[in-house]
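A quick write-up on the structure given underneath.
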Amino acid sequence: MAKSSRRAESYRYWYLVLVPLLAILTLVEFYPLVDGVRLSLTGSSGQLSLSNYSQMLTDRSFWSAVSVSLAYTIGSTVICIALGLGLTYLVTQKVRGRGYFEAIYVFPLATAPIVVGTLWSPSSTWDDIQSFLHFILHQPYFNELSIGFFFPVMVFSEAWEWAPLVMLVALSIINSQSPQIFEAAELHGASALQKFRMVGLPMVLRSPVMQFVIVLRMIDAMGSFAIPLSWSNWVGYPYNVGSPVDTLSLFMYKLIFIPEYGFPIGLVSAVAVALLAVTLVVAFVLIRMMGRALPLSGGG
Amino acid sequence: MGQNTKKRRPSLGSVMTYVVLVLAALYSFWPILVMALEGYQIDLAPLFSGKAVRSIGGVPFYSGGIYPTPIHYIDAIKIVAFPRLLGNTSLIAAISISVALAAGVTAAYALARLPVRGKGFITYTLLALRAVSPFALIVPLYIFFTRNGLWDTYLGVGLAEEVAILSMVVWMLRGFFTDIPKEVYDAAAVFGASEWQIFRRVALRMVIPGIVVTSLFAFVLIWNEFPISEILTGPVTKTVAVGVWSGLGETTNSFMEVSFDDLNAAGFLAWIPAIIVILAIRRYLAKGYSLGTASSK
C-alpha cells in the first residue's frame, strides 16, 4: 500500500516531459490552426466578417476542386486497396524467391509523390504504353489531353504509389495470425485462390488495423498535392484554377502563388478551414477506430 | 499424401504463378526503370514499336530512340545541384528528427506507461493532427515564418517538418515501449528502481533499435515530403523533393530551363537513398505507416 502510493507520488512530475512536445505542437500546429481560423474570419478591411466564406461558397473553382478531390480520393483509395490485395495474394504464394518479389513490389513506396507525377506523365511511362498499344496491338493513340485519359491515369498513379503499403499491412495481419487457419483450409481441399478469398481476405479486411490504414490513406489522398501539381503541368493547366486536376490543396497553392490571383489570404484560409473541418470529422472516426485497433491501455 | 500430389504437379501452376509475379514486378518497377533510362536518354518505346515515336502533349513525335549519354545525370548534379539538395535535406532531416526525438522519447514513454495528467488528450490530439493536411496550416505558417525570419532557414524548415513526422514518431515510439514485456518493467521495479531509472536504464536501452527504425522512417517521410518544403524553402534550403521538380534554377541559372530528362535523372538519384532506407526497414514499414498499430513481424 505504502509502496503504491510512493509510486503514484513519483509520477507527479512526469507530466513535465510532455511540455516540450506541447511546445512544438503549439508552434507548428495549434498556432497555425487558430491563426488560420482568425485569418478566414477577417474581412478585407480587417473587420470580423464572413465574406471570405461567402466568396468561397460562390466560387465555382472551389466546388470544382471539392469534386475533383472527392473523385480523386475515392478512386485512388479503391484502386489502391484492390492493387494492394492483389499483390498480397501474389506474395503469399508458396514459391521460391517470393521475398525478392516482395522487395520489388515495395519500390513505388520509396518514390516521392512529386516524382510519381513525372513517372506516369505522358512522356514517360505512357510513351511506352502508347507505342505498345499502337504498334503491337494496332490500337489508336489515346488523346493524352482528354480528361477521360489523364484523370484516371493520375488517380491510378496515386494508387500505384501506395498499393505496397496495403500489401505490407495485409501481410503483417496475415503473418500475425496462426498459420493453422490456412492449414485447416488446405486440409479441406481449398485452392490457393480459395484460401486467399475465403480466409485471408476476410481476415485482412475485418482487421481494425487495415481499416485504420485505409482511413489514413483516404485522408492523405484528400490532401494530395504533388501528383496533381505535376499533372497540371503535363496537361496544360499550370496557371489557372478550377482545372480538372485541381484538388483542394492545388487550388489553394495556385491562389497563393500565381500572381494573377494576388494571394487572397482570407479566401485561402477559408478553404483551409473547410479542409480542416472535413479532416476533423475523419479524425474523430480515426480515434474511434484506433480505440478498437489498439486500446489505450495504461500498460506497465 | 496430399503433400505428394501437391508436389507432383507444380509445372503449369507454378510457372503461371511466376509469370504473374514477374508481370507484377514489371508493373512495380517499369516506371522507375523508364525514369532511370530516360535520364540516360534511352527511350524504350522503339522496343515495342520498331519505330522511334514519342508523344509530346498528345501529339506523336519522332523520338530520340536509344542514344545513351550520361549528360543528364551530369546536368542533374550540376544544374539541379543535386549534392547541394542532398546536403540541405539531410541537414533539415537531422534537425527535425533530433527535435522530434528530444521531445518525443520521454513523452512516448510516459504516454505508453504512466498515469500522467493529460495523457489521453495528448495521445489522441497527436492522432487527430496526423489527419490534418499541411495545407490547413501552411498559410499561417508561411506568414509567421516570413515575418520572423524563419522562412528558408534550416531551423525553420526543420521545425515545420515536425508537421510531417511528429505524430508518427511519438505514436511509433509509444508502440515500441508498449511492446516491452510487462515482466521487464515489474522486475526493474522489484529491484527498487525509480520510474526515471526504469526509463533510463531499462526501457530506453531496449527501444534503441526502435528509435533507429523510427528515425529512418522519419527520414524517408522528410526526404519525400513536398508541400511544406515547396512553400517554406527558398533558394538556400531547397530540399531534394522540391529540387527534382524545379531544379535550383533561382540561384544558379535563372534563365536555364531544367529539361524533362534532367528531372528524370534527378528523380532517379533521389529515389536511390529512399529505396535503400525503405528496404532496410521493410519489416517495420507497416508499423510506421499505421502509427504503430500493425505488428512488425
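The sequence lines fix the lettering, A, B, ..., with proteins before strands; numbering per chain opens at 1. As the structure is a prediction and not an experimental result, all values here were calculated from the model.
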May I ask you to name which of B:V277, B:L159, B:V220, B:V105 has the most heavy-atom pairs under 4.5 Å with chain A?
B:L159

Contact winner vs chain A - B:L279, B:I275, B:I278, heavy-atom pairs under 4.5 Å:
B:I275

With rounding to the nearest 0.5 Å, note down the distance linking CG in A:L168 to NZ in B:K287.
14.0 Å

To the nearest 0.5 Å, tell me how far A:Y31 OH sits from B:F144 CZ.
6.0 Å

Engaged part of A:V268 at the chain B interface, taking heavy atoms whose separation is under 4.5 Å
side chain

Heavy-atom distances under 4.5 Å only: say whether A:S121 touches chain B with side chain, backbone, both or neither.
side chain

Per-residue contact mode, [X] against chain A (heavy atom under 4.5 angstrom):
X	value
B:T125	side chain
B:V22	both
B:F199	side chain
B:T106	both
B:I143	side chain
B:F226	side chain
B:Y27	both
B:V99	both
B:I122	side chain

Does any part of the side chain of A:R96, heavy atoms only, come nearer than 4.5 Å to the side chain of B:Y18, both counted from C-beta?
yes

Taking CZ in A:F284 as the centre, count heavy atoms belonging to other residues, nucleotides or ligands within less than 6.0 Å. Is the count above 12?
no

So, does B:N224 use its side chain to make a donor-acceptor pair with the main chain of A:A110 at under 3.5 Å?
yes

Contact summary for A:S269 and B:V139, nearest pair of heavy atoms
OG-CG1, 4.2 Å

